[in-house]
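Input: a single structure, listed below in structure tokens.
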Amino acid sequence: MKVVIIGAQWGDEGKGKIVDYLANEAQIIVRFSGGANAGHTIVSGGEEYALHLIPSGILYPDKIVVLGAGMVIDPQALFSELSMLNDRGIKTEGRVFISDRAHLVLPRYIEIDKQRDAGRKKPIGTTGRGIGITYSMKSDRDGIRIADLSWKEKMDDLESSDREFLEPHADRLKAMSVDLASFIKHHCNAQILFEGAQGVLLDLDNGTYPYVSSGMSCAAGAAVGGCVGPRALDKILGVFKAYSTRVGNGPFPSEFDEDEGSEASRSSEVSRKSEASLSRFVRNTGREYGVTTGRPRRCGYLDLVALRYACFTNSIDSLVMTHLDVYDTLDEIKACVAYRIGGRVIEDFPASISDLNAAEPVLRSFPGWKRKLSGCLNYEEFPTAAMEYIEFIERFCETPIGIVSVGYDRKETIIRKSPWRG
Ligand code: GDP
Ligand code: IMO
Ligand code: MG
């Protein structure tokens, strides 16, 4: 069985937590896209781990993890992450592999990324990890892959500073390298989890371009970056938060208005003051600060227009809802069910950035449940109001919600339907 986990919003949905949880029943975990721009958090037994490049199955001592072909790998970031894990007692020797087709991030790409974004009239707000530059070198056919480290002519033709950077890392990288297609073919009966990074709305093609990352964070990226055909993938799971967040710039139609004094408040139903305090409440309760850059995340209502679009464009079989506990104490919950753009009501997710910037959220209200969900042992113990919110989302997106996460700890996870069974 091969199960794909993607982010169904703008990243940071809790993919790391869910991959770690489901990895219990997997043998191999393949991260298929992105690089050290990602920050995947796992909390287990009171210990918190922030992973950037290493797949989120690494905490189990017996799992094999692979950095896939769709990834872009900064060797220094990789080796410091391995050291961090080893220092914390996680043995990584012999069970971390890298696809020989993965591309390498060079220090000068990181500098160009930072300079280019700072010089943009409208910066994207990149993580400054050289991601976009590495993917554009790849598209330009000037990138350097793990396999190229053994290609003498290519290495000889590199600029001397690039070669001097790579040479000390080359043997260690080559020792970890694997032909991922034949590796997966060889393990065809294994339970394999394909771990995405970022999210559908940050995907280069499906996302809010140009305010996106540069990798394939969509489900199709699992096939391309995981070195398997699309029909080899059995289940596609999309992780989303009970609300929305975004780091960096770009349109965010359901964003809470943070400015209590602004004249440009979008919503007549919700006072500016209460939206600003809701924003602060969600950021503090959900600990909404970036794992990679520490930036405060922008927060907003759950955007069901965008989530339904993510389900359709990624053939999501089942959704995973996280952070529902953040809403435990609210009297009322709202979600965006359409956009009002220039007097028209739009129910499909537009490509146009000016439309998305102009969009006002049409909000639907739900009663709060006013109870601590993390005390529930199964879905049947959930308060009716929480079930109503969940089941409305399922109907709206025409996609079941198979897992509900009600806290950051491994234990705080309610399985309605396991992707490993049926
Ligand atoms: P990822 O990039 O999708 O793996 O997500 P991040 O790790 O960047 O951000 C998710 C944050 O939410 C992390 O701090 C997690 O520990 C935390 N988290 C995950 N699931 C839940 C949940 O259900 N409730 C709460 N309160 N926090 C969660
Ligand atoms: P995970 O895997 C949230 C955002 C950046 C910026 C844009 C482009 O943890 O969900 P980049 O450095 O990739 O060129 O930046 O994408 N971004 C993320 N936002 N979660 C992520 O990863 C992200 N990776 C990139 O903030 O807006
Ligand atoms: Mg993250």
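Atoms within a ligand are numbered from 1 in the order they appear, just like the ligands themselves. FYI, side chains are in, hydrogens and waters are out, and symmetry mates aren't considered; it's all heavy atoms of this structure.
In terms of modelled atom types and a separation under 3.5 Å, the side chain of Lys63 and the main chain of Ala23 share a donor-acceptor contact. Side chain of Ser279 to backbone of Glu275: no donor-acceptor contact under 3.5 angstrom is found. Glu111 places no side-chain N or O within donor-acceptor distance of the main-chain N or O of Tyr109, the cut-off being under 3.5 Å. Under the 3.5 Å distance criterion, the side-chain polar atoms of Tyr389 are left unmatched by any main-chain donor or acceptor of Ala335.
For atom 24 (N) of ligand 1, the nearest protein heavy atom (residue, atom name, distance) is Asp325 OD1, 2.8 Å. Ranking protein heavy atoms by distance to atom 16 (O) of ligand 1, first place goes to Tyr408 CB, 3.3 Å. Protein heavy atom closest to atom 23 (O) of ligand 1, with residue, atom name and distance, is Ser405 OG, 2.5 Å. For atom 7 (O) of ligand 1, the nearest non-hydrogen atom of the protein is Thr41 OG1, 2.6 Å. What sits closest to atom 2 (O) of ligand 1 on the protein, heavy atoms only, is Gly39 O, 2.9 Å.
Applying the ring pair (Phe, Tyr, Trp, His ring centres under 6.0 Å) test to residues at least two apart or on different chains, the pairs with a partner in residues 224-251 are Tyr243-His323, Tyr243-Tyr327.
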Next on the checklist: Is there a salt bridge (Lys or Arg N to Asp or Glu O under 4.0 Å) between Arg129 and Asp74? Walk through the geometry before answering.
Outcome noted: CA-CA 8 Å; Arg129 298 296 189 272; Asp74 170 354; over 6 Å; no
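No more than 12 heavy atoms of other residues, nucleotides or ligands lie within 6.0 Å of CZ in Phe312, so this atom counts as exposed by the packing criterion. More than 12 heavy atoms of other residues, nucleotides or ligands shown are found within 6.0 angstrom of CZ on Arg298.
With Tyr379 as the aromatic partner, Arg416 meets the cation-pi criteria of under 6.0 angstrom to the ring centre and within 45 degrees of the ring axis.
Judged by the shortest distance from any of its heavy atoms, Arg297 lies inside the 4.0 Å radius around the atoms of ligand 1. Heavy atoms of Gly7 come nearer than 4.0 angstrom to ligand 1 in no pair at all. Within the structure, ligand 1 lacks Gly286 among the residues with a heavy atom less than 4.0 angstrom away.
With contacts defined as side-chain heavy-atom distances shorter than 4.5 Å, the pair Thr126/Ile131 does not qualify. With contacts defined as side-chain heavy-atom distances shorter than 4.5 Å, the pair Leu59/Arg410 qualifies.
The structure places CE of Met216 at 6.5 Å from CG of Asp205, a figure rounded to the nearest 0.5 Å.
Contacts between Asp12 and ligand 1, counted as non-hydrogen atom pairs separated by less than 4.0 Å, involve both the backbone and the side chain. The backbone of Val406, and not its side chain, has at least one atom closer than 4.0 Å to an atom of ligand 1 (non-hydrogen atoms only; backbone = N, CA, C, O).
Taking the charged nitrogens against the carboxylate oxygens, Lys372 and Asp325 have no contact shorter than 4.0 Å, which rules out a salt bridge.
Summarising the contacts of atom 12 (O) of ligand 1 with Lys241, His40, His323, the nearest heavy atom is found in His323. When the heavy-atom distances from atom 4 (O) of ligand 1 to Gly290, Ala242, Gly16 are ranked, the shortest goes to Gly16.
Heavy-atom proximity to Glu13, at under 4.0 Å, picks out these atoms of ligand 1: 3 (O), 5 (O). Near Lys15, meaning under 4.0 Å from any of its heavy atoms, are these atoms of ligand 1: 1 (P), 2 (O), 3 (O), 4 (O).
Sorted by chain then number, the residues whose non-hydrogen atoms approach ligand 2 to under 4.0 Å are Trp10, Gly11, Asp12, Lys15, Asn37, Ala38, Gly39, His40, Ile124, Gly125, Thr126, Thr127, Ala197, Gln198, Leu202, Val212, Ser213, Val247, Gly248, Arg295.
Side chains of Ser405 and Lys17: a donor on one and an acceptor on the other come within 3.5 Å.
The Mg ion (ligand 3) lies at 2.8 Å or more from every N, O or S atom belonging to Val291.
In Asp12, the N, O or S atom that comes nearest to the Mg ion (ligand 3) is OD1.
At a 3.5 angstrom cut-off on N or O pairs, Gly14 counts as close to ligand 1.
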